[in-house]
Amino acid sequence: MNAGGAQWRGLFRGRTLVIALPYLFLLAFFLLPFLIVGKISISDMQGVAFRDVLSFKDGIITLAVKVSAYAFLAHDSLYLHTYLSSLGYAALTTLICLFIGYPFAYFMARARSSAQPALLMLVMLPFWTSFLLRVYSWKGLLGAGGLVSDALIATGADRLLVAAGLIPTPGLFMNTSFSLMVGMVYNYVPFMILPLYATLSKMDLRLLEAAADLGATPWVAFWRITVPLSKAGIIAGAMLVFIPCIGEYVIPELLGGPQNLMIGRVIWDEFFSNNDWPMAATVSVVMILLIIVPLAVFNKYRAEAQEARR
């Protein structure tokens, strides 16, 4: 009995440790920094210092919360436009990455097992070079005389881009919505491919054989079986692309134009150009809440749906 109890206690301690480590990581590297940023957003800045939100003097506890930054954020249409613009670019990038990444992941999952490691290496190959160098390379490719620029002009694709409103004039690709989207999609499409490949490679192909035996065409079997079974990979890839795209700064700064406002650039300007740390912290807090709250609601309903299916 004592040996069994000791074994259960050891198992409980091991399980507790495994569960506690991720929570400690989130506490140290997310929650505490977020609380610090939240404190700055409601603090009064005095030079390079901040007034304490909670102070105790002469037996009196004083709570001084400054919400003027949040009030200004709610009334200034520039910030609302920037948030909507960031969400729009992030959503469009996610859809394009899904459109490109799903066929590629499907092809990788259906390829010979001997060829899959090579295909996986090709997907991860861009990560062997610096993110900044990859973004800068597109400045040369899309600039005047660049390979991609010349190819688009030769094929007449620049006129289609003008008609779509992605570039202002034919032949001008840099510092436009087009160059911004190219850079975003190129750099984030691997994050869509990898979770999709991990999901599709584990799918039971006997389900497709059963669907074919029941008279389903390959297209119907794809939509009725493959796509629903790959939903977890689609969601994981979408989150891996959508979330970092919202706060992206480097790509809009190097490839986007002044008309392509995104929240990362606004935060940078508030911190380093305007030296308004409370306002920058307020913009950051609202941006994080815009991401976390929908994710929390989605995870809650997904967990309830899974419990209902059981």
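Since we're looking at a predicted model, the values are computed, not measured.
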How about [X]: does its [atom1] atom have over 12 heavy atoms from other parts shown lying under 6.0 Å from it?
X    : atom1 : answer
F99  : CZ    : no
L147 : CG    : no
W277 : CH2   : no

Problem set entry | Evaluation steps, side-chain contact (heavy atoms from CB on, under 4.5 Å), between T226 and M203 | CA-CA 8 Å; T226 303; M203 196 180 76; 3.8 Å; yes
Exercise. F34 vs F30 aromatic rings, parallel, tilted or perpendicular, using cut-offs 30° and 60°?
Worked result: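 Judged by the thresholds at 30° and 60°, the geometry between F34 and F30 is parallel.
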Exercise. Which of parallel (below 30°), tilted (30 to 60°) and perpendicular (above 60°) describes F178 and F173?
Worked result: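 Taking F173 first and then F178, their aromatic rings sit tilted (interplane angle of 30° to 60°).
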Problem set entry | Y102-F107 aromatic ring centre distance below 6.0 Å |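 No; F107 has its ring centre 6.0 Å or more from that of Y102.
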Exercise. Does P170 reach the side chain of I153, with side-chain heavy atoms less than 4.5 Å apart?
Worked result: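 They are not in side-chain contact.
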Exercise. Between Q116 and Y197, is any side-chain donor less than 3.5 angstrom from a side-chain acceptor?
Worked result: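 Side-chain D/A pair, Q116 to Y197: present.
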Exercise. Strictly by modelled atom types, are T94 and Y188 linked by a side-chain donor-acceptor pair under 3.5 Å?
Worked result: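 Side chains of T94 and Y188: no pair found under 3.5 Å.
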Exercise. Which atom pair, heavy atoms only, marks the closest approach of G247 to M287?
Worked result: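 Taking G247 first and M287 second, the nearest heavy atoms are CA-SD, 4.0 Å.
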Problem set entry | Nearest atoms (heavy-atom pairs only) where L254 meets M174 |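 Shortest heavy-atom contact: O-CE, 3.7 Å.
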Exercise. Is it true that the NZ or CZ of R110 lies under 6.0 Å from the centre of Y106's six-membered ring and within 45 degrees of the ring axis?
Worked result: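 Judged by the rule (NZ or CZ under 6.0 Å from the ring centre, within 45° of its axis), R110 counts as positioned above Y106.
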Problem set entry | Distance (rounded to the nearest 0.5 Å) between L80 CG and S85 OG |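 Reported to 0.5 Å precision, the distance equals 11.0 Å.
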For this session: Mind running side-chain contact (heavy atoms from CB on, under 4.5 Å) on F104 and L196 for me, showing each step along the way?
Result: CA-CA 9 Å; F104 198 93; L196 282 172; over 6 Å; no
For this session: Could you walk me through whether V266 and Y249 pass the side-chain contact (heavy atoms from CB on, under 4.5 Å) test, one step at a time?
Result: CA-CA 9 Å; V266 172; Y249 167 74; over 6 Å; no
